[in-house]
Structure formats: C-alpha cells, structure tokens
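Report on one structure; see the data block that follows.
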Amino acid sequence: MGGAEQGVAFGAILQELAPRFLFQDFLRHLRLPMPPALGGPPYALLQKLTYAVVVFVMLPLMVLTGLTMSPAVTAAFPFLLDLFGGSQSARTIHFFLFAGLVLFLVVHVVMVALTGFKRHMRAMTFGG
C-alpha cells in the first residue's frame with residue numbers, strides 16, 4: 001500500500017472513530033428489544049474498538065502488572081516497579097483491569113442471550 005492509500009485508509013478510520021459515530025453506535029447497542037444477530041462479522045464500530053482495547057491494551061497491561069507483583073520477576077527486571085509506581089500500584093491496576101475483563105465477559109454473555117442464545121451456541125459449536 002502506497003503512502004497516499006495509507007493516508008486515505010487512516011483518514012477513513014479516524015472518521016469512523018468520530019465521537020458522534022461512537023455515541024450513535026453506543027445508543028444502538030442499548031436499544032431494546034435487541035434485533036437478532038445476522039450471522040457473524042462485519043462487526044460494529046463499538047465492537048471493533050472494544051476488542052482492540054481488550055487485546056492491545058488491557059491484556060498486555062494485565063500481564064505486565066501480574067509480572068510486577070512477583071518479587072522474583074521484579075528482582076530480575078526492577079524497571080517494572082518504576083513503570084507502575086511500585087508493587088501496590090501494580091496490584092491496583094491489575095485489579096481494575098480484571099474488573100474490566102469481567103465486565104467485558106458479562107456484556108458478551110448478555111448480548112448473546114439478547115440476540116439469540118441457541119443460534120449463537122450452535123454457530124460457535126458446529127460452525128456457520
């Protein structure tokens with residue numbers, strides 16, 4: 001992909017992340033009754049953003065803060081204590097990340113239940 005094409009693609013992504021689009025997508029997810037899911041992807045903007053935050057921010061931070069709580073690891077890599085402001089700060093961050101992941105899981109289960117539990121379980125188990 002050339003420079004101009006990358007610029008256009010990046011501009012489209014930024015436009016998709018505009019606060020008004022995020023807010024509209026958020027409101028669409030709160031509407032009840034929930035319309036049934038139409039198979040799989042394409043994912044909505046809120047879903048893409050949530051997955052990106054979980055995979056690229058929360059999970060790596062969870063691993064790093066977990067390692068920072070280990071005395072053996074911090075003895076070998078003392079910069080981890082400085083990075084998170086000490087063991088107690090790492091523990092606090094780790095706890096809030098854990099709570100965020102639990103919330104992510106609960107929201108997933110609720111969304112599956114609201115949009116057709118049987119169909120989703122069948123698709124996850126047998127495909128299609």
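FYI, side chains are in, hydrogens and waters are out, and symmetry mates aren't considered; it's all heavy atoms of this structure.
The closest donor-acceptor contact from the side chain of Thr92 to the backbone of Gln88 lies under 3.5 Å.
For Thr74 against Leu81, the heavy-atom pair with the smallest separation is CG2-CG, 3.7 Å. Closest of all the heavy-atom pairs between Ser89 and Phe84 is CB-O, 2.9 Å. Looking at every heavy atom in both residues, Met58 comes nearest to Leu101 through CE-N, 3.6 Å. Thr65 and His94 get closest at one heavy-atom pair: OG1-ND1, 2.8 Å.
To the nearest 0.5 Å, the span separating CE on Met69 from CD1 on Ile93 amounts to 10.0 Å. In this structure, CG in Leu59 is found 11.0 Å from CG in Leu64, a value given to the nearest 0.5 Å.
In this structure, Phe98 and Phe95 have tilted ring planes: the angle between them lies in the 30° to 60° band.
Residues Val102 and Val63 fall within the same hydrophobic cluster, defined by Ile, Leu, Val, Met, Phe, Trp and Tyr side chains chained together at heavy-atom separations under 4.5 Å. There is a path of hydrophobic side-chain contacts, each under 4.5 Å, that joins Phe79 to Val73. Leu46 is not connected to Val55 by any chain of hydrophobic side-chain contacts under 4.5 Å among Ile, Leu, Val, Met, Phe, Trp and Tyr, and they are in different clusters.
In summary, the aromatic rings of His108 and Tyr51 are positioned with their centroids under 6.0 Å apart.
Counting heavy atoms of neighbouring residues, nucleotides and ligands inside a 6.0 Å radius, atom CZ of Phe104 exceeds 12 of them.
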